[in-house]
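Structure record follows, encoded as structure tokens.
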Amino acid sequence: MHGPDMSRYEPAVIEPKWQKAWDEAQAFQARRDPARPKYYVLEMFPYPSGRIHMGHVRNYTMGDVVARTKAAQGFSVLHPMGWDAFGMPAENAAMERGGHPRDWTYGNIADMRAQMKPLGLSIDWSRELATCDPEYYGQQQAMFIDMMEAGLVYRKNAVVNWDPVDMTVLANEQVIDGRGWRSNALVERRALTQWFFKISDYSAELLAALDGLKDWPEKVRLMQANWIGKSTGLQFAFKTVGAPAGFETLEVYTTRPDTLLGASFAAISPDHPLAKALESDPAVAAFTALARKGGTSAEEIETAEKIGFDTGIRVKHPLDPDQELPVWIANFILMDYGTGAIFGCPAHDARDFEFATKYGLPITSVFVAQGAEDSPLTEAYVPMKSERVHYVRGFAGNAVQTGEEAIAAAVAHAEAQGYGKGVTNYRLRDWGISRQRYWGCPIPVIHCATCGVVPEKKENLPVELPYDVSFDKPGNPLDRHPTWRDCTCPKCGAAAKRETDTMDTFVDSSWYYARFTAPRATTPTVADDVDYWMNVDQYIGGIEHAILHLLYSRFFARAMHKTGHLPVKAIEPFNALFTQGMVTHEIYKTTDAQGRPVYHLPEDIVRTEAGATLADGTAVEVIPSAKMSKSKKNVVDPMHIIASFGADTARWFVMSDSPPERDVEWTASGAEATFKHLSRVWALSTRIAEMPADHKGEGDDDLLRAMHRAIAEVTSGIEGFAFNKAIAKLYEFTNAIARASASTVVMKEAIRTLSRLMSPMTPHLAEEIWTLQGGTGLCTQSPWPKADPAMLIDDSVTLPIQINGKRRAEISVPKDLSAAEVEKLALANEDVMRFLAGQTVRKLIVVPGRIINVVV
RNA sequence: GCGGGCGUGGCGGAAUGGUAGACGCGGCAGACUCAAAAUCUGCUAUCGCAAGGUGUGUCGGUUCGAGUCCGACCGCCCGCACCA
């Protein structure tokens with residue numbers, strides 16, 4: 001006889017079988033159903049590197065558990081998948097190995113899809129999209145044009161990291177020790193005309209709206225708030241003395257206007273227009289070149305010495321025209337914050353103190369600690385703004401007040417006297433999206449000699465990337481593709497040139513969640529679909545996207561609303577956010593003859609009593625778990641796990657043990673133990689299936705109570721994102737069934753319920769048990785079980801008895817017993833009497849259903 | 001430096017201010033076996049023969065009662081960082 005062996009758990013047989021059944025039933029196709037509440041679950045879509053890793057398995061399993069549970073609870077669920085498919089790796093692969101970025105990318109997508117399907121995720125694959133599909137980026141271009149017209153896009157000259165070898169702009173994180181990460185060339189700071197989104201228009205709103213994101217991690221909201229970086233202060237103009245024409249005043253910004261009377265110099269950024277104007281002086285030019293060069297790595301910034309150049313220009317103190325302050329150019333003043341110019345108050349600012357000390361500038365205290373003398377300082381005195389200090393040169397004269405009070409007084413004074421005004425500043429800068437690269441969404445504009453910058457006509461969209469490009473030369477292939485680049489002006493018809501910059505890939509991922517609601521539409525979105533499906537009810541992804549991706553998406557949703565592509569309810573697109581931890585693994589290391597580390601894959605390691613060795617017996621150093629990474633070779637390929645244990649084992653394991661927000665350590669023994677457990681459940685189900693139908697057993701009520709408790713606890717565990725606790729409850733319930741000797745009817749009901757409760761984690765095994773135990777239809781499409789509240793209450797409770805807070809005994813009492821009766825029983829308990837030994841009871845605390853504490 | 005988080009068995013981790021260590025891993029013992037693997041059963045914070053004592057990073061506080069709340073300290077992790 002051929003066919004599956006019914007006595008063994010064989011995931012390789014049952015998993016493909018049920019995946020096919022779900023496909024045929026179109027079980028996961030999202031349908032707009034006005035009669036049902038909707039639920040939109042989204043995991044951050046992956047970059048198509050070609051291989052899935054355990055982090056993907058964990059991320060998508062979490063989303064799948066939520067999606068499957070919500071579907072069972074009667075929601076109309078949208079759970080889509082796509083690919084964040086533009087970006088540099090495709091171009092780098094083309095440069096290193098030949099081939100074409102498009103072929104590489106679509107090949108990788110096919111490979112990764114083939115690896116994801118065996119996981120049995122409840123994804124609506126009919127909505128799949130890749131951001132490099134012209135169908136997708138064409139709509140992105142349409143929105144770009146709308147946003148241009150709405151004033152949300154502009155061009156300006158900006159200083160960028162320019163790699164002179166690869167001839168491209170690099171992001172800050174691609175510059176390592178001042179050199180391009182790929183070319184190793186010294187990176188230049190070059191001014192280029194770049195495209196920007198006006199995210200700074202929304203600084204105040206993006207900050208204020210964070211308060212409404214109740215179901216986002218506090219940590220993420222805080223990181224975004226810090227990134228937006230609101231500050232309030234005073235902006236005012238110094239009158240200059242000896243400055244070039246056009247620089248009669250110098251605008252400065254300060255958050256500590258209360259220290260104005262301690263000003264001893266003014267300083268401007270090397271990129272300040274005044275510094276530029278002075279560069280005709282070679283000494284100034286030499287200094288600004290030196291000051292701008294400063295490295296970009298964290299250490300360099302931290303240790304960078306403060307350097308300055310005295311311009312000889314002076315400014316008049318606004319409160320005392322007789323007092324003049326020197327104007328310095330200083331390397332620590334940033335052009336793109338505030339006005340790019342400050343006044344220095346060395347007494348109350350650590351940076352200014354360092355600078356003043358170095359260049360012999362005066363250090364004058366404005367305030368001192370209460371009760372302290374105004375004496376020379378050895379370091380800047382910078383108390384909290386909320387602290388009360390003694391002002392010796394304050395606006396309110398000699399007064400004791402907080403910094404906050406003094407700042408308010410200073411702003412009021414400046415505004416009343418008319419020399420300055422209170423302003424709010426944000427650290428958030430406009431979003432530069434220009435990339436001098438091929439594999440990105442072309443910016444759909446045309447440069448015309450007479451009309452200037454003209455958007456492409458919408459009927460000509462998408463502006464499609466040409467396929468016939470080569471990567472044998474550095475630079476952007478679009479720049480040297482004449483037939484693509486040369487075009488006619490949409491306005492006047494004259495010969496013109498296409499923009500060759502492409503968009504930052506963060507633009508692509510800033511609206512894919514909206515596109516999933518109507519992925520094939522010929523407009524970016526469709527009103528009925530976004531109205532029904534938005535917002536994303538649960539978004540799941542890595543903490544590494546806490547700032548950029550999520551902030552850009554929040555901005556982009558607002559921009560889409562402004563241009564009519566999203567309803568106002570969707571300007572905060574993600575109702576709830578969950579950031580999951582990483583999958584980690586031990587690292588196995590040996591050293592080669594030169595003493596360099598050599599890392600080994602987990603599958604090449606033999607664990608022994610003493611530690612670990614290679615197959616040939618070489619001792620291996622075991623380094624504690626860290627994020628799985630190819631360079632450390634501490635990776636476990638999900639495909640291997642699925643091949644040896646099945647997808648259900650992988651899914652169950654990544655959800656068990658650790659809370660989902662924390663890292664989970666992958667261990668071979670844990671994976672094996674999971675497989676054994678699922679095999680036990682399988683065996684248990686087989687045993688129950690073989691019980692005689694009319695068998696009457698014992699303890700039916702106990703098992704049913706355990707079942708209802710399991711329903712309640714597993715459900716609340718899943719709903720509270722405590723998957724590890726839900727799984728712990730499933731273990732308990734499994735053990736309860738295994739130990740029970742109840743009637744066949746009850747045993748069957750219990751195991752069917754177990755399969756339903758396990759199905760979000762182990763959907764294939766659940767279907768198999770469901771069918772075996774006479775469940776109707778697909779387990780996946782059956783309703784989620786409901787706990788009977790009456791079955792959750794026990795008839796009697798066990799109460800611990802404490803004496804002076806130490807547990808000494810316990811009694812079992814009927815649940816409704818009055819407090820007075822409980823007291824009586826407690827005091828009559830022989831252990832209690834022994835411990836009391838005749839002492840007087842001073843106090844007796846009875847917490848009903850909880851505890852009794854006897855105080856003597 | 002600024003901001004945030006976390007410290008519980010050999011390990012991952014449970015615990016609305018109310019029996020600390022659920023559940024899992026690992027370990028130990030036993031059953032089955034000629035034997036091993038697999039499987040099953042039991043035990044497993046720690047000291048103690050026991051009675052009992054001690055235990056949630058350290059020190060203090062609030063409380064009838066603290067892993068949980070408050071204060072100080074120690075350690076680890078994460079984010080930001082010359083932002084005026």
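FYI, side chains are in, hydrogens and waters are out, and symmetry mates aren't considered; it's all heavy atoms of this structure. Naming convention: chains lettered A, B, ... in sequence-line order (proteins, then strands); numbering from 1 in each chain. A quick note: this is a predicted structure, and the numbers were derived from the prediction, not measured.
- Of the candidate nucleotides G24(B), G52(B), G13(B), G52(B) has the atom lying nearest to any side-chain atom of Arg808(A).
- In this model, a donor atom of one side chain and an acceptor atom of the other lie less than 3.5 Å apart for Ser200(A) and Asp430(A).
- Among the nucleotides C80(B), A84(B), G24(B), the one closest to the side chain of Trp227(A) is C80(B).
- A straight line from CZ of Arg58(A) to P of G12(B) spans 14 Å, rounded to a whole angstrom.
- In this model, a side-chain donor or acceptor of Lys306(A) finds a partner on the base of C82(B) within 3.5 Å.
- A donor atom on one side chain and an acceptor atom on the other are not found under 3.5 Å apart for Tyr9(A) and Thr649(A).
- Taking the side chain of Ser669(A) as heavy atoms from C-beta on, and the options C82(B), G52(B), G26(B), the nearest nucleotide is G26(B).
- With 3.5 Å as the limit, one finds a donor-acceptor pair spanning the side chains of Glu586(A) and Tyr588(A).
- Closest to the side chain of Arg834(A), out of G52(B), A22(B), U39(B), is G52(B).
- Where Ser231(A) and Ile547(A) each meet RNA chain B at their nearest nucleotide, the meeting point lying more 5' is that of Ile547(A).
- Both the sub-6.0 Å distance and the 45° axial angle are satisfied by Lys306(A) relative to the ring of Phe332(A).
- Shown here is Lys627(A), whose NZ atom has no more than 12 heavy atoms of other residues, nucleotides or ligands within 6.0 Å.
- There is a side-chain donor-acceptor pair under 3.5 Å between Tyr253(A) and Ser231(A).
- Remark: the Glu661(A) side chain and the Gln580(A) side chain contain no N/O donor-acceptor pair separated by less than 3.5 Å.
- Applying the side chain to side chain donor-acceptor pair (under 3.5 Å) rule to pairs touching residues 724-740 of chain A yields Trp652(A)-Tyr731(A), sequence neighbours excluded.
- The side chain of Arg662(A) lies closest to A14(B), out of A84(B), A14(B), C80(B).
- When distances are taken from the side chain of Tyr337(A) to each of A84(B), U39(B), G18(B), the shortest belongs to A84(B).
- The cationic group of Arg427(A) lies under 6.0 Å from the six-membered ring centre of Trp227(A) and within 45° of the ring axis, placing it in a cation-pi geometry.
- Taking the side chain of Glu810(A) as heavy atoms from C-beta on, and the options U19(B), C23(B), A14(B), the nearest nucleotide is U19(B).
- For Ala673(A), the side-chain atoms get nearest to C25(B) when compared with the rest of C25(B), C83(B), C23(B).
- The separation of G9(B) from A45(B), taken at their P atoms, amounts to 13 Å, rounded to a whole angstrom.
- Between Asn226(A) and G4(B) there is no side-chain N or O to OP1 or OP2 distance below 4.0 Å.
- Residues of residues 213-222 of chain A having a heavy atom closer than 4.0 Å to RNA chain B, listed by number: Lys219(A), Leu222(A).
- The side chain of Arg427(A) lies closest to A81(B) when the candidates are C64(B), A81(B), A15(B).
- The side chain of Ser658(A) has G12(B) as its nearest neighbour among G24(B), A84(B), G12(B).
- Scanning residues 846-853 of chain A for heavy-atom distances under 4.0 Å to RNA chain B yields Val847(A), Arg850(A), Ile851(A), Asn853(A).
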